[in-house]
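Here, residue 1 is the first one in the sequence, and each next residue gets the next number. Both ligands and their constituent atoms are indexed starting at 1 by order of listing. All heavy atoms count here, side chains included; hydrogens, waters and symmetry mates do not.
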Amino acid sequence: MLGKFFQKPDQTNSNRVPPGQHLAKGFPVLTYGAAPQVSIEQWEFRVWGLVKPTILTWSDFMALPHHEFTADFHCVTRWSKLDVKWTGIKVTDFMSLIEVDPKAVHVMEHCYGDYTTNIAMSDFVREENFFAFKLFGEDLPTEHGGPMRLVVPHLYAWKSAKWINGLEFLDKEELGFWERNGYHRRGEPWDEERYS
Ligand SMILES: Nc1nc2c(c(=O)[nH]1)N[C@H]1C(S)=C(S)[C@@H](COP(=O)(O)O)O[C@H]1N2
Ligand SMILES: [Mo]
């Protein structure tokens, strides 16, 4: 039957889905706790630790170049979504706004609502990572991390902090919320770095 035919897994896409993952229908929301409500007017972003302490505003971010990004999204709870379309600001461009001490080798991502997740500097400062403020052409919905979230496509999505509002630069690795609760410190989906 035709219906069955159209449900056949697409061979082109199946090699884009990491081991142990299946394709999600729609775009699931995964949040620990309640979604914080933050307006663009209130929004601010702090950097501290091994960096010149700075508070950045929404307009500081918006003054950087905007880009469209298409990226696959892999949640450690075993769903993936291919070709998510975002608009955002490259982490590499953002880095030009701040003065990081060369001794910083790890970063803690901080969020409204107190979620944290850790990432190595080498995984953070990559051309394909970005701060996203639009999803499929619409303002990033609150439940997906609006007004602004981080997107780190090459790691499991718990590293893509929603409602991000700060970065702490560190000279050694510290663990974030899920990492302290048993998730892998790095979280590479093709190597199934799920749990520590
Ligand atoms: N602040 C914050 N960021 C977060 C989370 C969270 O609970 N709080 N969940 C993470 C997890 S486990 C996943 S899979 C993705 C889910 O993003 P989505 O809800 O837009 O699908 O956000 C990540 N970022
Ligand atoms: Mo997740």
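A salt bridge links Lys172 to Glu174: at least one charged side-chain nitrogen sits closer than 4.0 Å to a carboxylate oxygen.
Of all the atoms in ligand 1, the ones that sit under 4.0 Å from a non-hydrogen atom of Cys75 are 14 (S). Ligand-side atoms of ligand 1 in range of Tyr32: 6 (C), 7 (O), range being under 4.0 angstrom from any heavy atom. Close contacts between ligand 1 and Ser160 involve ligand atoms 22 (O), 23 (C), 24 (N) [criterion: under 4.0 Å to a heavy atom].
Linking ILVMFWY side-chain heavy atoms closer than 4.5 Å, directly or via other members, places Trp178 and Tyr156 in a single hydrophobic cluster.
Scanning the protein for heavy atoms near atom 13 (C) of ligand 1, the closest one is Ala157 O, 3.7 Å. Of all protein heavy atoms, the one lying nearest to atom 19 (O) of ligand 1 is Lys162 NZ, 2.5 Å. Atom 17 (O) of ligand 1 has its closest protein heavy atom at Arg149 NH2, 3.2 Å. Of the protein's heavy atoms, His144 ND1, 2.6 Å lies nearest to atom 20 (O) of ligand 1.
The distance criterion of under 3.5 Å between nitrogen or oxygen atoms is not met by Cys111 with respect to ligand 1. Annotation: Thr31 places no N or O atom under 3.5 Å from an N or O atom of ligand 1; distance criterion only. Residue-to-ligand polar distances place Pro28 within reach of ligand 1: an N/O pair is separated by less than 3.5 Å. Residue-to-ligand polar distances keep Trp158 apart from ligand 1: every N/O pair is separated by 3.5 Å or more. Every N/O-N/O distance between Trp79 and ligand 1 stays at or above 3.5 Å.
The 12-atom threshold is exceeded at CD of Glu128, counting heavy atoms of other residues, nucleotides or ligands nearer than 6.0 Å. By the 6.0 Å contact criterion, CZ on Arg185 is open, its count of non-hydrogen atoms from other residues, nucleotides or ligands being 12 or less.
At a 4.0 Å heavy-atom cut-off, ligand 1 touches Trp163 through the side chain alone. Contacts between Tyr183 and ligand 1 below 4.0 angstrom, taking non-hydrogen atoms only, are absent altogether. Neither the backbone nor the side chain of Tyr112 has any atom closer than 4.0 Å to an atom of ligand 1 (non-hydrogen atoms only). The side chain of Phe73, and not its backbone, has at least one atom closer than 4.0 Å to an atom of ligand 1 (non-hydrogen atoms only; side chain from C-beta on).
Ligand 1 is never approached by Lys81 to a heavy-atom distance shorter than 4.0 Å.
Judged by distance alone, with hydrogens and angles left aside, the side-chain atoms of Glu143 form no donor-acceptor pair with the main-chain N or O of Ala35 at under 3.5 Å. For the pair Asn118 (side chain) and Glu179 (backbone), a donor-acceptor distance under 3.5 Å is absent.
Side-chain contact check for His154 and Glu188: no donor-acceptor pair (N or O, by modelled atom type) lies under 3.5 Å. A side-chain N or O of His74 and one of Ser80 form a donor-acceptor pair less than 3.5 Å apart. Residues Ser96 and Asp93 have side chains that never bring a donor and an acceptor to within less than 3.5 angstrom of each other.
When Val29, Leu30, Val151 are ranked by how near their heavy atoms come to atom 16 (C) of ligand 1, first place goes to Leu30.
For His106 and Phe124, the distance between ring centers is not under 6.0 angstrom.
Of the residues listed (Trp58, Phe94, Tyr112), the one engaging Phe45 in a ring-ring contact (aromatic ring centres under 6.0 Å, His included) is Phe94, and it is the only one.
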